[in-house]
Amino acid sequence: MKLITAIVRPEKLDSIREGLESYGVQGLTVSAASGYGRQRGYTEVYRGAEYNVDLLPKIRVEVLATDEQADDILDVIIASSNTGRAGDGKVWTVDVFEAVRVRTGERGSAAI
Amino acid sequence: MKLITAIVRPEKLDSIREGLESYGVQGLTVSAASGYGRQRGYTEVYRGAEYNVDLLPKIRVEVLATDEQADDILDVIIASSNTGRAGDGKVWTVDVFEAVRVRTGERGSAAI
Amino acid sequence: MKLITAIVRPEKLDSIREGLESYGVQGLTVSAASGYGRQRGYTEVYRGAEYNVDLLPKIRVEVLATDEQADDILDVIIASSNTGRAGDGKVWTVDVFEAVRVRTGERGSAAI
Amino acid sequence: MELTAGHVWLMVAAALVLFMTPGLAFFYGGMTRAKAALNMMMMSFISIGMVGVVWVLWGASMSSGEGFMEIVGNPFATFGLEGITTPDGLIKVGYAATFAIITVALISGAIADRAKFGAWTVFVPVWVTLVYCPIAYMVWGGGLFGAEGAIGKALGPAIDFAGGTVVHINAGVAALILVLIIGNRRGFGKDPNHRPHNIPFVMLGAAILWFGWFGFNGGAATTAEQGGLIWINTLAAPAAAMLGWLVTERVRDGHPTSLGAASGVVAGLVAITPACANVSPVGALGLGVVAGVASALAVGLKFRWGFDDSLDVVGVHLVSGIIGTVALGFIALPVEGVGGGLFYGGGPTQLWAQLAAAGIAIAYSAVLTTIIALAIHKTMGFRVSQEQEVVGVDLSLHAETAYEFGVGGHGGSFQPLHELITGKQGDGSAPASEDGKKTDAATGKESVGA
Amino acid sequence: MELTAGHVWLMVAAALVLFMTPGLAFFYGGMTRAKAALNMMMMSFISIGMVGVVWVLWGASMSSGEGFMEIVGNPFATFGLEGITTPDGLIKVGYAATFAIITVALISGAIADRAKFGAWTVFVPVWVTLVYCPIAYMVWGGGLFGAEGAIGKALGPAIDFAGGTVVHINAGVAALILVLIIGNRRGFGKDPNHRPHNIPFVMLGAAILWFGWFGFNGGAATTAEQGGLIWINTLAAPAAAMLGWLVTERVRDGHPTSLGAASGVVAGLVAITPACANVSPVGALGLGVVAGVASALAVGLKFRWGFDDSLDVVGVHLVSGIIGTVALGFIALPVEGVGGGLFYGGGPTQLWAQLAAAGIAIAYSAVLTTIIALAIHKTMGFRVSQEQEVVGVDLSLHAETAYEFGVGGHGGSFQPLHELITGKQGDGSAPASEDGKKTDAATGKESVGA
Amino acid sequence: MELTAGHVWLMVAAALVLFMTPGLAFFYGGMTRAKAALNMMMMSFISIGMVGVVWVLWGASMSSGEGFMEIVGNPFATFGLEGITTPDGLIKVGYAATFAIITVALISGAIADRAKFGAWTVFVPVWVTLVYCPIAYMVWGGGLFGAEGAIGKALGPAIDFAGGTVVHINAGVAALILVLIIGNRRGFGKDPNHRPHNIPFVMLGAAILWFGWFGFNGGAATTAEQGGLIWINTLAAPAAAMLGWLVTERVRDGHPTSLGAASGVVAGLVAITPACANVSPVGALGLGVVAGVASALAVGLKFRWGFDDSLDVVGVHLVSGIIGTVALGFIALPVEGVGGGLFYGGGPTQLWAQLAAAGIAIAYSAVLTTIIALAIHKTMGFRVSQEQEVVGVDLSLHAETAYEFGVGGHGGSFQPLHELITGKQGDGSAPASEDGKKTDAATGKESVGA
Ligand SMILES: Nc1ncnc2c1ncn2[C@@H]1O[C@H](COP(=O)(O)OP(=O)(O)O)[C@@H](O)[C@H]1O
Ligand SMILES: Nc1ncnc2c1ncn2[C@@H]1O[C@H](COP(=O)(O)OP(=O)(O)O)[C@@H](O)[C@H]1O
Ligand SMILES: Nc1ncnc2c1ncn2[C@@H]1O[C@H](COP(=O)(O)OP(=O)(O)O)[C@@H](O)[C@H]1O
């Protein structure tokens, strides 16, 4: 199994979800993150003093998938979150040693 | 070493901690997440318009463990977070290449 | 490739970023977490009742790196976040199977 | 009749007192968990809505005028406020309405996080009608405790200038009864998540309460001397009570807290309420200190005795309400050299009158509230289901959450209201679900997880 | 002349009404998304700033005194408030100013999240000058609708005690026009993120509005009887409207909401505004219920018809404003036995006068607002860029974000203001950037991502 | 004596001014970081508590009546408010108390995030006694600057209707002194986390301040003409100052901000305070613009000169306080044709009087504040430890955190208060710990990490 982690633009959440759902993914986990890369930040001003914010808000989407599906899922995520501009983010995949569905105790691919 | 990641119900945090502590785990990391799977969401209503929220709040618990303990810890987490209903969540394990305790610089199992 | 994850003191974010930037790292992802380990918590008091908080705020810093750089980056992070006191945190590394830059679709080391 | 200074003062005072109830909503709402904040606020808001209507229809009529056995007025005498002809009649009705509103709202703090909203909407009008109106009538409306009333004549009239018995003791007792009937929150005394979620809101609420309390205590003043005394006492007592509470905390817990400061202010205001026109400024300082210390200690009783008076209505309003009411037996100033409390050589007369008033208010409120609350609890139920409590009453009762600050939070989809009347029949059930069942009857969707 | 009770009441009332506009800022600001909250509040605050200045310079002069064709006063008659000599002249000017301020601020709720702030700062003074002042003059300043005005003489004077036409219908119509010109928010009717971000703020806003409304409705009272009636009606109508709105929600959606309670209060206040001195307390209850139910249903219209009146200015202010204004044709009390609405045997006279006043206010406001808004939209543009809207108007227009609660959030660096005047020429552009371009002209930095 | 319009106005005004201090708590509290918000608010709240008590005991007595060398009144003349017999005596005492309360609270903004709360609780009563009371006596109590005072007779009496010297210059100077003694926050001028954490709270605070300021400026009005002029000026100056500040920001930084709007309002209110009854409405507009621009520029001085006046008490209150005070030398209206400022042909007399008043207030406040603050700093220390500052003063001084919104946050355990008096001896130390040492003396637990 694989765990696919995507750090992407917050506003892309909906299109990623749609993409994954139509591919047949039944679950995913989302959390808040922020980061920087090629994309530059912005400036806030409070009483004339500038605060340069360069960690920009992102979301982290995590999907657990079987080895066979992992590559397709990677492609689906990329396709649905790409805008071609800096700040689009990163996606990576790691090997999962074991996965369990808590409700039933099922393990391995059955857990996904 | 292994990293065990559990995405579980927020209200299970206490029982997981108790379970892990009595097993002898000395540290863990928690963060907020949300997700969907088999569990359905709920509806909020603002001025008559319905907002269907289907990403439900979860917490992510992460425990770094030696290879030997990893399986037991997996079991402890599952046992202490299972309710048998949809939304119980997922737990997975990945191999850790290296781990360090920042305070001392100890590496490997000594870092856990 | 490797993914280096560090759970460290929130106030160390700036020095870690400086360290990584001067080493040449071009991007990273940050998120909020909390945890406990050797470090003890603190007590809040509301209307005379004590609330012992023992999950303390931490930040999670994640950096994707090539295999060659991973070890150096680990060292940079440790050096820039160590205070020698409990609560300094943990850093760990896992193998990454695949990484992609969403903007361009570049894969592998080129994506970093 | 042209507006006089007295009319203006009363209209301003009435607006100030009305503003107190939303203030209370914040005082209480900040103390609950984030997932119950709106429900807490709603219990105050709906009190304004319901009592506002009740008061116009029959409440005003029941709390003054010709009465029944010196206990309660006739609801139909000025039903709908028909037949009120004195120039300032409606102004006084408005002012009185705001007292009824806040009294019942005060009770809600004791049952935070777990009361059925539907049950509360039954409790509010019934309780105001059967408990508040009679007590207000007995103390202020010409009833039992008045100068002409049976008890007033026997013991001498009790002093309750602005509502120690009618408002605070009454609400405090009712709060205690409700807790005993409804039961404790899940995790009471154990769950560390039961901490206040927004302390600035608590402070905002305390500030609004204090501001409004100048109208609450002062509205009925008729002379400049009285007005000045009330004003200064309404500053002095809570100021001293704040210090009393904070010193108690510093000594006992090691830290003076902002929640303590806000709580001390309210305790001091409660204590000075009955006494505001009848004690000296230095008396008010002393009364404030006592109330602040006593209430700071009293909020621990619920843990010791195991009743989950969630936001300390008993510890603050009942305890400091009794202190203020009884203190008058000792420190009431003589009026034109006559009477006064024990310390002013007035003898024990005033003390007996005060004790009697407090005792009867406690007894009446306890008995009637028990009957009303039990009736509701046995029929429709006063408490939400366990599941609704875990999900949080904001979501399960109101289908809302208080805050949404961020990105990546919830996702979901949106269904605008295309039909003006969708014909959904709500069932009050929790919209949140478990087990893959979408329980919201409204949508009719129901799908069971694999 | 020594202060009289009337002067004091008017000064207090004026302060209360001024406090309403920040209240509105919270009522509205809590309903937007977190990333647009400050901009929403700023639209109210800048209204105070700009109209405050305009009123002193020429606004007061244009809304009373000798006029032009019974439509508008002469801006130079008392320009800069020179030449006002009656003892209470300046007090009245102050009181009137607060009405102009809140009227224009009300409009802003319809165009939340997407209006250029610069355009708004042009709209505000122009609209107050060309739309508000004339309508205020016609209704209250001795113009068309007054007892001596052409229409007033023809149909009998319309009743608008505190601003049903001048304030609420006027603002509601202007809001609708602006929405039609500026267009809908991105994702309107689809994006689930368009939910209120801070409902306690909405409730705080509603509370402040209600509190201030006692000054709004009551300020012009001259007798104790009138003052009392207005006070009680200003309690009764919103209380009943809150219940009306909540019952509607309970029946239709299954849950009574706190946003609904706050909205119902405002709907009831809007409806009672023109009628507050001319209906009985029971009439106020009835009017409140109708307004609460009607506005609760009306807020769905925007989805059905597809105009993004974001915070329901039309559904609440226009709808309930019309209800209150027209209701007087039915339930106005006779004055000393003469006149009154249909239900009081006064015949249809009053109804025609009310319909005429409402109709002309709608027409005048619609035409003039269209001209002003189109002129702004075609020249400087009234709407931010897509990118600015996605980033959020707080950041893109004001370079601020409303909240920063936490750790690990943003990081970044800090550049204190070393030079008193840095000589940066702002361009109003979004400081946030895309594509690695730092667009902030201020810094001159610009780097393109690899 | 029956209530007159003047009494009512003064009681209302006093309540309004008291409400300003919690307003200030929000104005300041929203500007700090989240981890110091409660402490900031507590510095205002405790000022109400302590000065409230001090004023009743000796403060009122020291600020009026027979005095010592025209500098200060006798603290024992009406100690405990005994012996005050004029009908409105206590009303005036209450009104005066609220001024003393807010003046000392104003200072706290300069030392946000780093002052020992214990030291502040010593500073407050001492400073009010030794600095505020004398200055109030000299300006308003019949002292040096009065019509009969030595300086007043020499230069002609200075005009300070509502507290330009007594309140704003005084507080601003004291703030500067405290900063110089206590030192800068860690990371001052570098750390990007020093941004306001809750700007809506800042706006709420500004709104409450403005609302209350009508009482602050207007309370002492005795005629309708004066009341009206003050009311309109209290609207005009801050409105114009808001615009002045925002235009400055737009030109310099590229964006008008909501923090700027709120700040501009306060700057305008400060400037009009001494002048409110003595300038024309157009004069108030001009004064407002100047104050708004000047304070917007002045807030940058702290970075240039390196003194960490954290929330700009100097930039806003000292600068605009001086502007308002000195401006009277130019734009004061003649009284019945006599006197007036330079621009009204009154010659330089008024200017000298104003400059003298400002100068002496600055000197007196600077010297006395230095002595008091140094005495505290050298004995008990005025500043928290580095560790406490990093952890945040809310947690380390008050054992509280302002907000707890969420799930998965903290966890932990809960220890209810079983003993009414636990006998813990607080040590004021930080409950948060490092190095595995649980430092809370309360629990006695102490375990060292491996
Ligand atoms: N080396 C990295 N390790 C971890 N996260 C990264 C790294 N580089 C970029 N990111 C994450 O991806 C997000 C988007 O990066 P971006 O600015 O688009 O850079 P790029 O153009 O290289 O894709 C960043 O905000 C950060 O959260
Ligand atoms: N494929 C997946 N990848 C990542 N996270 C998942 C996945 N499936 C479920 N989850 C996470 O687990 C949580 C619980 O899922 P749940 O509704 O219990 O589904 P199941 O019944 O399959 O266990 C979800 O809210 C989500 O956060
Ligand atoms: N076994 C573990 N698994 C996951 N995270 C851990 C573990 N142990 C510690 N941590 C994380 O590291 C943080 C710091 O731990 P710390 O108290 O410094 O322990 P140590 O002294 O062992 O380094 C904790 O707050 C927690 O977030």
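Chain letters run A, B, ... following the sequence lines, proteins first, then strands; residues in each count from 1.
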Would a distance-only check, ignoring hydrogens and angles, find a side-chain to backbone donor-acceptor pair under 3.5 Å from E/Asp253 to E/His255? no
Under 4.5 Å to a heavy atom of chain E? For D/Val56 that would be side chain
If one checks every heavy atom of D/Phe45 against chain E at 4.5 Å, the contacting part turns out to be both
Cut-off 4.5 Å, heavy atoms of chain E, and the answer for D/Ala25 is neither
Just say parallel, tilted or perpendicular for the rings of E/Phe303 and E/Phe188, cut-offs at 30° and 60°.
parallel
Does a salt bridge link E/Arg186 with E/Asp191, judged by any charged N lying under 4.0 Å from a carboxylate O? no
So, the part of D/Leu10 with a heavy atom under 4.5 Å from chain E: the answer is neither
One option among D/Gly80, D/Ala14, D/Pro22, D/Ala5 has the most heavy-atom pairs under 4.5 Å with chain E, and it is D/Ala14
When the 4.5 angstrom heavy-atom criterion is applied to D/Thr21 and chain E, the contacting part is neither
Turns out that what part of D/Ile48 lies under 4.5 Å from chain E's heavy atoms comes down to both
If one checks every heavy atom of E/Leu204 against chain D at 4.5 Å, the contacting part turns out to be both
Bottom line for D/Glu400: the part with an atom under 4.5 Å from chain E's heavy atoms is side chain
